[in-house]
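Only one structure is covered here, and it is reproduced in the block below.
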Amino acid sequence: MSVLSDVPKGSPVVRTLTRDHAKPLGRKIKDRDLPHVERQMPIPMATDSSTAIDKVGEFLEFDFRKMSDWLRAGMKGTVVLALVGGLAGGAYGLLSKRLYTVGTDILINPSNLQVVANDLYAAPTQGENQVLAVRSKLRVLTSRNVLLHVVDELGLTRDREFNDPSPGLLSSLIGSRSGGAASDPRTAVLEVLGKRIVAKADETSFVATLSVSAETVDKAIRISQSVVTGFQDELAKAESDGAARAARAIDDRLDQLKQEVQAAEAKVESYRRTHNLASSQGQLVSSQSMTQVNSEMITAQSRVIAAQAAYDAVLAAGSNATTQDPVASASLAALRTRASGLQQELDGLSMTYGPRYPRLAQLRAELDAANGQIKTELSRILAKARSSLEEAKASFKALDTKMKDMTGTVFTDNEVQVALRELERDAASKTAVYESFLARAHQIAEREQIDTTNVRVISTAVPPQSRSWPPRTSLLIVVGVVLGLAAGLFLALARGMLRELRDPQPAVAEQRA
């Protein structure tokens, strides 16, 4: 009887002794490997759960030799799966649709071209705003409107690459479940085209890269060029639409501003008519008349002074008086010359002949007549000077009376003009606003016709050196072989583990026998 006969097989003592006497490390422990331990009939298991626990414990004691045995057992299947994987990778590389990707570098400047000094769109100045502006424009690059432009321009709805009229079995089943309604061909093309176009922004600059994939290089290049053209047109159209909306809004406001200006100007004219405030060249007629009368008074006063001086000069001169009238002055000079000649002749004859000499009597009569004419002429000159003085005084007096009357009228008009100026200021301010809006409306209308988008292609699409999808056939074969080997090894290990868990241990089977 052995000392271990009463010890359960799964106890720590038995496991320790078994490991100490086991021949090879990791082999299954058998009773024949323990010569000093007598074979005993296995003690019946208490429950099924303890049996399962013992199996799991024994399974966890497997070593790398078991794994190598499992792998050797599944080597054929692993090789077969590796060959199948290699063939599948090569077949996929040869039979799948090839795609070629072209790239286009686009410089998207956040600031538009400066065409006018006060542009409708303000240029972003801060860094974050500039980045947001570039990202917004980059989003337009792959927008639906741009893609629709590409679809319509290149006729992609008739291209089997983007719109296959004969869908597969899975697509047919999905279509039948959805009711069988025919979808818009452009929508299907947009879905495929959206997957073939990728736009990526550079983090350190304002340059974006547009990548387009297609089954042929020429088609990829044409799609890339069409996308860039549609992108530029869409940006220009967005600015044009914005300018058009602004112009329409200003036009709507202009009608109201025009009515307000007309009403304000009508108030000014009505107030003028009511208070008889006639104006000329921006000044009241009464003020202009007063200014004119004042000038006339100054002139009349000057005439009065001149006439008084001429009259005083004639009085002071007496018989030697002169006049400014050239005709009267010439006549007076002739009379004085004739009188002087007669006087000389009279004095000469008086020294030779007596007083009764006939010639002397005649000369005296002629001299008296000449002196009478001189006195008459002097009287006429004096009367004329007096008449000029009186006329100048009368004119000055009339102007002075008129000036006094007009002064009262001007003062009254000035008081009334205070309210008039307020009405004129209101009309002038409304007119200035209306004119500024009118000029801005014309400017925006012209701005609508100008494309100021600052987008430029710095690297055009060129044919690629190789296809972008699928990868090289040799690489796909290698990947297929590796995946096949991995799958075969995994299946061999899994099968060995399942067999280990399912089949009972040989020692347990012998003990039960």
Side-chain angles (χ1 to χ4, degrees), residues 91-108 134-201 207-241 451 453 455-471:
Y92 183 78
L94 295 175
L95 300 178
S96 62
K97 292 183 179 180
R98 300 185 179 186
L99 295 179
Y100 297 89
T101 303
V102 297
T104 303
D105 293 335
I106 306 173
L107 176 60
I108 304 176
V134 173
R135 294 298 173 85
S136 299
K137 293 181 179 180
L138 183 62
R139 181 64 185 86
V140 176
L141 183 60
T142 56
S143 63
R144 181 182 178 88
N145 291 343
V146 175
L147 297 184
L148 283 176
H149 167 79
V150 177
V151 172
D152 296 337
E153 183 180 12
L154 301 181
L156 297 183
T157 54
R158 300 185 298 273
D159 193 335
R160 295 180 64 87
E161 178 182 353
F162 296 95
N163 185 23
D164 192 356
S166 57
L169 178 60
L170 181 59
S171 300
S172 300
L173 294 176
I174 295 175
S176 61
R177 288 183 180 180
S178 61
S183 60
D184 185 8
R186 300 172 71 193
T187 304
V189 173
L190 285 177
E191 183 178 357
V192 178
L193 185 61
K195 298 177 181 178
R196 301 287 183 87
I197 296 177
V198 177
K200 185 178 180 181
V207 177
T209 301
L210 174 67
S211 300
V212 179
S213 301
E215 293 182 358
T216 61
V217 176
D218 294 339
K219 186 185 297 183
I221 293 176
R222 284 190 286 109
I223 292 176
S224 177
Q225 294 174 349
S226 181
V227 169
V228 173
T229 303
F231 172 56
Q232 294 174 339
D233 293 344
E234 186 66 22
L235 291 181
K237 183 176 181 297
E239 289 192 357
S240 178
D241 292 343
D451 181 13
T453 55
V455 176
R456 185 166 61 92
V457 177
I458 59 176
S459 295
T460 58
V462 295
Q465 296 181 354
S466 61
R467 67 192 184 193
S468 60
W469 186 262

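These values consider heavy atoms only, across backbone and side chains, with no hydrogens, waters or symmetry-generated copies. In what follows, residues are counted from 1 in the order of the sequence shown.
Side-chain atoms of V212 and Y100, non-hydrogen and from C-beta on, never get closer than 4.5 Å to each other. When side chains are defined from C-beta on, T104 counts as touching V228, because their heavy atoms get closer than 4.5 Å. Side-chain contact between P464 and T101 is absent, with no heavy-atom pair separated by less than 4.5 Å. When side chains are defined from C-beta on, F162 counts as touching I223, because their heavy atoms get closer than 4.5 Å. Between I197 and S211, the closest side-chain pair of non-hydrogen atoms is not below 4.5 Å.
Distance OG/S136 to CG/L235: 10.5 Å, rounded to 0.5 Å. The structure places CZ of R456 at 5.5 Å from CG of L107, a figure rounded to the nearest 0.5 Å. Distance check: L138 CG to T209 OG1 gives 9.5 Å after rounding to the nearest 0.5 Å. Atom OG1 in T216 sits 13.0 Å away from atom CZ in R98 (nearest 0.5 Å). Remark: K200 NZ to L141 CG distance equals 15.0 Å, nearest 0.5 Å.
The side-chain hydrogen bond (donor to acceptor under 3.5 Å, both in side chains) check on Q225 picks up nothing, with sequence neighbours excluded. R135 pairs by the salt bridge (Lys or Arg N to Asp or Glu O under 4.0 Å) definition with E203, not counting sequence neighbours. The salt bridge (Lys or Arg N to Asp or Glu O under 4.0 Å) test applied to K237 returns D241, not counting sequence neighbours. Under the rule for a side-chain contact (heavy atoms from CB on, under 4.5 Å), the partners of A220 that lie at least two apart in sequence or sit in another chain are V102, A214. With sequence neighbours left out, the side-chain hydrogen bond (donor to acceptor under 3.5 Å, both in side chains) criterion links S143 to no other residue.
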Please tabulate, one pair per line, all N/O donor-acceptor pairs under 3.5 Å involving side-chain atoms of residues 146-156, not counting sequence neighbours.
| unit_1 | atom_1 | unit_2 | atom_2 | d |
| --- | --- | --- | --- | --- |
| H149 | NE2 | E153 | OE1 | 3.0 |
| D152 | OD2 | R186 | NH2 | 3.1 |
| E153 | OE1 | S226 | OG | 2.6 |

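Here salt bridge (Lys or Arg N to Asp or Glu O under 4.0 Å) pairs that include residues 139-148, with residues two or more places apart or in two chains, number zero. Every pair passing salt bridge (Lys or Arg N to Asp or Glu O under 4.0 Å) that includes a residue from residues 218-228 is listed here, sequence neighbours excluded: D159-K219, E161-K219.
Side chain of N163 to backbone of T157: a donor-acceptor contact under 3.5 angstrom is found.
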